[in-house]
Colleague: 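Sharing a structure here in structure tokens format.
Any value given below was found using the heavy atoms of this structure, including those in side chains, with hydrogens, waters and symmetry copies removed.
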Amino acid sequence: MRFFVIILLLLIVNSCEDIGKKYDWNEGSDEFLFYRKFGTIGYDYGHKSAYSKFDMGTIIVGTQQPNILGVKNLWAIKTNEKGMAIWDKSFGGNANDEGYDVISTSDNGYLFVGYSWSFGNEQQVFVVKTDFHGNLIWQSNYGGAMWDVGNSIIELKGGGYAIVGYSNSPGISSGNTDVIILKIDSNGNQIWMKSYGNKEYPNHEWGNDFIQLDDEGFLIVGARDRYENGGKNIYFLRIDKNGELLWEKELINESNTNEIAYSISRNHLNEYFVCIGKNSKENLDEYKPQIINLDIAGNILWTRNLNTKSREYHQFRSTTTANGDILIVGTNLRMLADKYISNAFLLRLNNKGDIIWTSPYGTSDQDDLGWDVHERPDGNITLIGSTKSFNASLFDIFMVGINSNGR
């Protein structure tokens, strides 16, 4: 096992592009393939989505809060290729439950992950398995006696599933929040759960996303918080297929700023891209996206900073396309006469980090948030987020169908 600490003295290319220069999208516009919203009278958020492998549709996971100040449920919505809802189901119990990721599984069903306060001890990782029609096959919770959350889930090459997230539970974590990875079989039975973090110092680590590698091991991305000794730093882990740590790397900055890795993806050229949210010493409240091109050993080949005006809670995520490009989704703030409003945006970069196009999505006077993006086999793109526009109640789930040129 090796431990690396890297001081970021890297070649960084800064963007002079503004994210989303035009905010002229009117409700009812036929400028895009489609836009949809789904919601109740309360707060509803769309966190992640996936292309449905069997019918060209989309499966969405998020949070439904039907009553203001009421409990939250994990909410799943299945749409057709035009974004029209086929079914929606909520899962959970009498306390708060949320969904943070979803995959379309090889058995023609869906798998959702997040957290639950309704089942087990305190907050635990919550996994729901349904069939193609949203009928519950099984649900299960995992963790200890404190806080356990699942942020990302994948189907494994040899069968079963793996989940990455974090835990603060005694006996799982080192006493503070640690990265966890959990392996379960196809019926939801736990095979193993392991945690990773700094055992010597009172730091906190979170796992936000991961991919499975050709050797069936995993590359995990997230953050480590050093508080007054360095803020939040980008944190990479590589583990083998049995969960044994091979190496970890922390990208330490010297200015006590925050840099958080939210997603990792790989293109057909076996290039790895990590999407970061970072602030600066000059403006700690303002966050911007960054893309890191990483090799399999965790070495940084190049980075690209992009210019937005965002907050930490907005987050940024990226995915790779069939031709090797990079799609980045996020949220950008814009100042009106008396307040800031948020607009969702997408960026398309080539695999060298050059901007191909950038486009905003939303309206000129309400908040619209971008949380996730995926490409369909036909090259069209689906953006998922949340919106106060289009006669939404408080926040509704937001879905936009876009072609490969962002329109």
Colleague: Is Thr387 reaching over with its side chain to a backbone N or O of Asp368, donor-acceptor style, under 3.5 angstrom?
Modeller: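 No: the side chain of Thr387 does not pair with the backbone of Asp368.
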Colleague: Got a second to check how far Phe236's CZ is from Leu294's CG, nearest 0.5 Å?
Modeller: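 The distance works out to 5.0 Å.
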Colleague: When you measure from the side chain of Arg311 to the backbone N and O of Asp285, does any donor-acceptor pair fall under 3.5 Å?
Modeller: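 Checking the backbone N and O of Asp285 against the side chain of Arg311, a donor-acceptor pair under 3.5 Å is found.
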Colleague: Mind checking what makes ring pair (Phe, Tyr, Trp, His ring centres under 6.0 Å) contact with Phe395, not counting sequence neighbours?
Modeller: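 Result, ring pair (Phe, Tyr, Trp, His ring centres under 6.0 Å) vs Phe395: Tyr45.
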Colleague: Any donor-acceptor pair under 3.5 Å linking the side chain of His204 with the backbone of Thr177?
Modeller: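 Yes, His204 side chain to Thr177 backbone: donor-acceptor pair under 3.5 Å.
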Colleague: Are Phe398 and Tyr361 close enough that their ring centres sit under 6.0 Å apart?
Modeller: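 Here the rings of Tyr361 and Phe398 have centres that are no less than 6.0 Å from each other.
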Colleague: Once side chain to side chain donor-acceptor pair (under 3.5 Å) is applied, do any residues pair with Arg36, and if so which ones, sequence neighbours excluded?
Modeller: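 Arg36 satisfies side chain to side chain donor-acceptor pair (under 3.5 Å) with no residue once adjacent residues are dropped.
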Colleague: How long is the straight-line distance from CD1 of Ile402 back to CG of Leu383, given to the nearest 0.5 Å?
Modeller: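 Answer for the CG-CD1 pair, Leu383 versus Ile402, is 5.0 Å.
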Colleague: Any ring pair (Phe, Tyr, Trp, His ring centres under 6.0 Å) involving residues 88-109? Give me the pairs, sequence neighbours left out, ordered by first then second residue.
Modeller: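 Only His47-Tyr100, Tyr100-Tyr115 qualify under ring pair (Phe, Tyr, Trp, His ring centres under 6.0 Å).
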Colleague: More than 12 foreign heavy atoms under 6.0 Å from CG of Leu69: is that the case here?
Modeller: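 Count not over threshold, so no.
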Colleague: When rounded to the nearest 0.5 angstrom, what is the spacing between CG in Leu74 and OG1 in Thr63?
Modeller: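 That separation rounds to 7.5 Å.
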Colleague: Centre of Trp206's six-membered ring, under 6.0 Å away, within 45 degrees of the axis: is that where NZ or CZ of Lys232 sits?
Modeller: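 Yes, Lys232 and Trp206 form such a contact.
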Colleague: Under 3.5 Å, is there a donor-acceptor pair between the side chain of Glu250 and the main chain of Asn233?
Modeller: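 Looks like no, no N/O pair under 3.5 Å.
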Colleague: Does Asp209 come within less than 4.0 Å of Lys48, counting only side-chain N to carboxylate O?
Modeller: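 No, no charged N to carboxylate O under 4.0 Å.
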Colleague: Using ring pair (Phe, Tyr, Trp, His ring centres under 6.0 Å) as the criterion, list what pairs up with His374, not counting sequence neighbours.
Modeller: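 Testing His374 for ring pair (Phe, Tyr, Trp, His ring centres under 6.0 Å), a comparison that skips the adjacent residues, returns none.
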Colleague: Considering residues at least two apart in sequence or located in another chain, which fulfil the salt bridge (Lys or Arg N to Asp or Glu O under 4.0 Å) criterion with Asp372?
Modeller: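 Asp372 satisfies salt bridge (Lys or Arg N to Asp or Glu O under 4.0 Å) with no residue once adjacent residues are dropped.
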Colleague: Applying ring pair (Phe, Tyr, Trp, His ring centres under 6.0 Å), can you list everything that pairs with Tyr196, at least two apart in sequence or on another chain?
Modeller: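 Residues passing ring pair (Phe, Tyr, Trp, His ring centres under 6.0 Å) with Tyr196: none at all.
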Colleague: Below 3.5 Å, can you tabulate the donor-acceptor pairs from side chains in residues 120-128 to any protein atom, sequence neighbours excluded?
Modeller:
unit_1, atom_1, unit_2, atom_2, d
Gln124, OE1, Asn141, ND2, 2.4
Gln124, NE2, Gly143, O, 3.4
Gln124, NE2, Gly144, O, 2.9

Colleague: Is the side chain of Lys288 donor-acceptor paired with the backbone N or O of Leu306 at a distance under 3.5 Å, no angle test?
Modeller: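 No; zero donor-acceptor contacts below 3.5 Å.
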Colleague: Just grab all the salt bridge (Lys or Arg N to Asp or Glu O under 4.0 Å) pairs involving residues 162-182, residues at least two apart or on different chains.
Modeller: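 Salt bridge (Lys or Arg N to Asp or Glu O under 4.0 Å) check on residues 162-182 returns Asp178-Lys199.
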Colleague: Using modelled atom types only, decide if a donor and an acceptor are shared between the side chain of Asn168 and the backbone of Trp147 within a distance under 3.5 Å.
Modeller: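 A pair under 3.5 Å: no.
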Colleague: Can you tell me how far the CG atom of Asp44 sits from the CG atom of Asn73, to the nearest 0.5 Å?
Modeller: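 Those atoms lie 10.0 Å apart.
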Colleague: For Lys241, look at atom NZ and say whether over 12 heavy atoms of other residues, nucleotides or ligands are found less than 6.0 Å away.
Modeller: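 At most 12 heavy atoms, drawn from other residues, nucleotides or ligands, come within 6.0 Å of this atom.
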Colleague: Going by the rule side chain to side chain donor-acceptor pair (under 3.5 Å), which residues pair with Asn350 if we only count those two or more places apart in sequence or in a different chain?
Modeller: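 Listed in chain order: Asp354.
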Colleague: What residues form a side chain to side chain donor-acceptor pair (under 3.5 Å) with Glu155, not counting sequence neighbours?
Modeller: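 Glu155: side chain to side chain donor-acceptor pair (under 3.5 Å) contacts with Ser106.
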Colleague: For Asn293 and Tyr272, indicate whether the former's side chain and the latter's backbone hold a donor-acceptor pair under 3.5 Å.
Modeller: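 Pair found, side chain donor or acceptor close to backbone of Tyr272.
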Colleague: Kindly state each residue pair satisfying side chain to side chain donor-acceptor pair (under 3.5 Å) with at least one member in residues 79-92, sequence neighbours excluded.
Modeller: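 Every side chain to side chain donor-acceptor pair (under 3.5 Å) pair that includes a residue of residues 79-92, provided the two are not neighbours, is Trp75-Asp88.
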Colleague: So which pairs with a foot in residues 53-62 pass side chain to side chain donor-acceptor pair (under 3.5 Å), sequence neighbours left out?
Modeller: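 For residues 53-62: Ser52-Asp55, Asp55-Lys78.
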Colleague: Between Arg317 (side chain only) and Val373 (backbone N and O only), is there a donor and an acceptor less than 3.5 Å apart?
Modeller: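 The answer is no, because no donor-acceptor pair under 3.5 Å joins these two groups.
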